[in-house]
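Before any comments, here is the structure.
For clarity, every value in this text was computed on a predicted model and none was experimentally measured. Positions are given from 1 along the sequence.
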Amino acid sequence: MKPVTIGILGLGTVGGGTATVLQRNAAEIARRAGRSIELVAASVRDINKKHSAELNKVKLTLDSNEIVDDPNIDIILELIGGTDLAKELVLRAIKNGKYIVTANKALIALHGNEIFEAAQRTGVTVAFEAAVAGGIPIIKAIREGLAGNQIEWLAGIINGTGNFILTEMRDKGRDFMDVLKEAQELGYAEADPTFDVEGIDAAHKLTILASIAFGVPLQFEKVYTEGISEITRADVEHAGELGYRIKHLGIARRVASGLEMRVHPTLIPHRRLIANVDGVMNAVLVHADAVGPTLYYGAGAGAEPAASAVVADLVDVVRALTTDPGNRVPHLAFQPDAIQNIEVLTMDQVETAFYLRMQVQDQAGVLADITRIFADQDISIEAIVQKEEKDEQDCVPLVILTHNVLESNMMVAIQKIESLVTVTGKIVRIRLETLG
Ligand code: HSE
């Protein structure tokens with residue numbers, strides 16, 4: 001059979017890794033795809049930059065449009081990142097009848113609904129496994145492997161950079177900025193690393209996971225997002241003493257009143273497998289009605305883990321080239337006309353447990369005042385620990401864990417406790433999930 005021809009848009013970390021894997025594993029990949037795959041062109045930012053030997057026979061260009069418009073190219077690998085140019089190129093390639101593989105989570109989270117509609121109209125496929133959790137085949141697992149289930153919830157460590165930072169801070173007492181710099185040098189971090197640290201990258205990925213898990217449209221704007229930049233070593237230590245680890249989780253949960261989509265630092269019991277996922281590794285825990293819990297673990301960032309997912313998509317797409325467009329695996333797992341809107345809950349409608357830390361005066365009646373406020377808001381306490389070390393105002397840290405509570409009730413309680421004269425400063429609050 002005639003080889004399939006591909007063009008790569010962008011030879012950065014993922015593009016370079018993909019070219020390497022395609023060449024190194026060419027024979028195995030062809031045995032799986034049923035045809036050989038030929039990388040014929042790639043667009044680059046700097047044509048004079050020295051590229052690796054496997055690109056010797058590849059036509060390099062500064063203009064991605066040349067590749068998108070080339071009638072001799074069957075499949076486009078969009079690996080430039082960003083949303084504006086990437087969207088323009090992908091829509092143009094689809095119009096030209098080309099199949100697409102992309103690692104671009106922002107593109108899919110923000111413009112996926114429009115892109116998939118265009119692809120469906122033209123009868124082509126847009127594959128995006130590498131967009132979520134790097135090398136872990138989580139899209140395929142949920143979309144195909146769990147197709148018989150009703151998914152109840154999923155929770156994931158889906159940003160390698162953030163997990164790397166939290167792990168190094170906890171284990172080695174390293175400084176936040178120092179670890180971030182290393183993540184950038186290793187090619188893990190986004191072009192704008194605040195996307196990693198503030199949870200935007202995780203929110204892009206959660207948008208995609210929620211959509212394929214629950215058959216809802218992609219709705220990035222409805223994901224609640226909170227970053228890790230305010231997590232202190234003190235909270236990491238207190239959490240550890242109480243048997244918890246702090247992880248930056250993306251959580252999507254279907255409850256009777258709607259759908260939760262949220263990214264925030266979360267205390268989880270240290271005995272859970274996912275609590276022990278460290279460094280740049282990612283993991284996604286999926287709870288579904290028939291199978292129960294399943295956990296997917298692997299490298300969430302880096303050149304070759306991402307390339308692994310890109311090439312797997314490429315093999316899928318090559319196999320799909322000769323199939324009936326109406327009978328392919330739907331982009332978002334559910335048939336396009338069966339995608340439904342489920343109300344996305346705002347955070348004040350969400351129920352979670354909480355870790356609270358506050359500075360209080362060490363005197364009679366303080367605890368009684370605090371627990372009365374909790375009781376008034378229907379908040380049940382799971383544990384209270386008062387630390388001995390006094391600060392310059394003679395106050396001691398009080399750490400409280402609560403049972404599940406409606407977030408709106410907790411916010412009222414926090415406000416009331418902060419206004420007590422025996423409590424100084426702001427209360428630190430981190431949500432807690434048992435993931436049971
Ligand atoms: N910046 C991302 C991360 C890369 O750290 O997980 C993979 O999407």
Side-chain angles (χ1 to χ4, degrees), residues 1-9 14-15 17-42 54 58 67-68 70-79 90 93-105 107-108 112 115-148 208 211-212 296 298 304-336:
M1 219 178 190
K2 183 171 149 292
V4 176
T5 50
I6 63 165
I8 298 186
L9 312 183
V14 183
T18 300
T20 306
V21 171
L22 273 175
Q23 196 196 45
R24 188 174 71 227
N25 298 342
E28 288 287 82
I29 293 166
R31 282 174 66 210
R32 291 189 170 107
R35 299 164 75 171
S36 61
I37 294 171
E38 242 176 55
L39 172 59
V40 294
E54 62 256 17
V58 176
I67 299 179
V68 163
D70 186 337
N72 298 315
I73 291 178
D74 304 310
I75 303 172
I76 301 290
L77 311 190
E78 185 281 299
L79 307 174
V90 163
I94 290 172
K95 209 161 161 217
N96 289 340
K98 305 208 186 294
Y99 288 65
I100 313 285
V101 174
T102 177
N104 193 334
K105 50 256 162 151
L107 177 72
I108 298 300
I115 289 170
F116 296 143
E117 206 186 304
Q120 209 201 334
R121 266 200 314 273
T122 320
V124 298
T125 300
V126 178
F128 53 95
E129 181 66 69
V132 182
I136 307 174
I138 186 65
I139 301 293
K140 206 172 187 66
I142 296 177
R143 194 166 58 183
E144 296 165 54
L146 300 181
I208 300 171
S211 190
I212 60 166
Y296 308 86
E304 292 212 8
S308 164
V310 169
V311 175
D313 268 351
L314 184 56
V315 171
D316 261 358
V317 169
V318 170
R319 290 172 180 150
L321 289 174
T322 50
T323 60
D324 166 13
N327 285 313
R328 292 181 185 147
V329 179
H331 289 111
L332 291 175
F334 293 71
Q335 296 299 334

Pairwise distance CD1(Ile100) to CD1(Ile75) - rounded to 0.5 angstrom
9.5 Å

Under the ring-ring contact (aromatic ring centres under 6.0 Å, His included) rule, collect the residues that match up with Phe334, sequence neighbours excluded.
none

Interatomic spacing from CD in Gln335 to CD in Gln120 - rounded to 0.5 Å:
8.5 Å

So, the side chain of Glu129 versus the backbone of Ile138: is there a donor-acceptor pair under 3.5 Å, distance only?
yes

Considering all heavy atoms of both residues, which atom of Asp313 and which atom of Ala130 are nearest to each other, and what is their separation?
OD2-N, 4.2 Å

Shortest non-hydrogen pair, Val310 vs Ala103, comes out as CG2-CB, 4.4 Å

Atom CG in Leu22, atom CG in Leu77: separation rounded to 0.5 Å?
7.0 Å

Compare every heavy atom of Ala309 with every heavy atom of Gly134, then report the nearest pair and how far apart it is.
O-CB, 3.4 Å

Nearest-0.5 Å distance that lies between atom CG in Leu107 and atom CD in Glu78
5.5 Å

Closest heavy-atom pair and its distance - Ala119, Val126:
CB-CG2, 3.8 Å

The reported gap from OG1 in Thr102 to CD1 in Ile76 (rounded to nearest 0.5 angstrom) is 11.5 Å

For side-chain contact (heavy atoms from CB on, under 4.5 Å), just list the numbers for Tyr99 and Val318, CA-CA rounded to whole Å, side-chain angles, deciding distance to a tenth of an Å, and then say yes or no.
CA-CA 9 Å; Tyr99 288 65; Val318 170; over 6 Å; no

Applying side-chain contact (heavy atoms from CB on, under 4.5 Å) to Glu304 and Val21, what does each step give before you reach the verdict?
CA-CA 7 Å; Glu304 292 212 8; Val21 171; 3.7 Å; yes

Any donor-acceptor pair under 3.5 Å linking the side chain of Thr125 with the backbone of Val317?
no

Minimal heavy-atom distance between Met1 and Thr322, with the atoms involved, is CE-CG2, 4.4 Å

Under 3.5 Å, sequence neighbours excluded: what are the donor-acceptor pairs made by side chains of residues 32-40?
| unit_1 | atom_1 | unit_2 | atom_2 | d |
| --- | --- | --- | --- | --- |
| Arg35 | NE | Lys2 | O | 2.9 |
| Arg35 | NH2 | Lys2 | O | 3.0 |

Evaluate the side-chain proximity of Lys98 to Val68: yes if any heavy-atom separation is below 4.5 Å, no if none is.
no

Heavy-atom pair of closest approach, residues Ala131 and Ile208:
CB-CD1, 4.2 Å

Cation over ring, Arg143 on Phe128, under 6.0 Å and within 45°?
yes

Looking at CZ of Arg328 and OG1 of Thr323, how far apart are the two atoms once the value is rounded to the nearest 0.5 Å?
4.0 Å

